[in-house]
Structure formats: C-alpha cells, structure tokens
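Just so it is clear, the values below take in all heavy atoms, side chains as well, and ignore hydrogens, waters and symmetry mates.
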Amino acid sequence: INRRITHNRDAAGDFGIRMFMHIPIGIIMSIPIFSWGLIYLFKFYEQNEDAHSVDEAWKDVFGSMVGYIIGMIIQIYVLCFVLF
C-alpha cells in the first residue's frame, strides 16, 4: 500500500497504511449522532499525540477525512435512492 499511495510530505514512507487505518473512524464520524463530538475529540487527540511524538499526525487526519467523505456519500445515497 505504501508504494502505491504516496505523498510528497511523507518523510517516514507510511502514508498509505496510516491513511487506510483511519478511514473507518472517519466513516463513524460521519454518522450524525457522533459527528461533531468525535471530530473534535479526534483532532484534539491527534494534535496532542503529534506534540508528544511528532509522528506526522496529518496522515491520520487525512485518512479520517477520506472516511468522513465516504460516509457522507453513503448517507446521501441512502437518503436519496433507498428511502425515497
């Protein structure tokens, strides 16, 4: 995965796997009952983790936002085509 999905800011070479690992949390964050609380909690956690370990937390946030977009697309599809 890391060989196929890359980013020019990635110093460690683990962008692909870290992005895919955080897609499920992004999908969960797109569920309306969890959205804002989980988004703020996740951003706080990643900022705190990056301040202590400097592990390029932007990769995790990028993956969760990809998952969030996927979750929103699924919700729009369900609302437009399945329920109506």
Enumerate the salt bridge (Lys or Arg N to Asp or Glu O under 4.0 Å) contacts for [range], please, sequence neighbours excluded, ordered by first and then second residue.
{"range": "residues 61-84", "result": "none"}
{"range": "residues 64-84", "result": "none"}
{"range": "residues 56-70", "result": "Asp10-Lys59, Asp14-Lys59, Arg18-Asp60, Glu56-Lys59"}

Partners of Asp50 by side-chain hydrogen bond (donor to acceptor under 3.5 Å, both in side chains), sequence neighbours excluded? none

The remaining residues in the hydrophobic cluster of Ile73, counting side-chain heavy-atom contacts under 4.5 Å among Ile, Leu, Val, Met, Phe, Trp and Tyr, are Ile69

Hey, can you pull the donor-acceptor pairs under 3.5 Å for the side chains in residues 31-49, sequence neighbours left out?
residue: Ser35; atom: OG; partner: Pro32; partner atom: O; Å: 3.3
residue: Asn48; atom: OD1; partner: His52; partner atom: ND1; Å: 3.1

Residues in side-chain contact (heavy atoms from CB on, under 4.5 Å) contact with Ile27, at least two apart in sequence or another chain: Ile23, Ile70

Is Ile76 reachable from Val78 through a run of hydrophobic residues whose side-chain heavy atoms are each under 4.5 Å from the next? no

Sequence neighbours excluded - side-chain hydrogen bond (donor to acceptor under 3.5 Å, both in side chains) pairs with any residue from residues 69-84: Ser30-Gln75

Taking ring-ring contact (aromatic ring centres under 6.0 Å, His included) as the definition, give me every residue that meets it alongside Tyr68, ordered by chain and number, with sequence neighbours left out. none

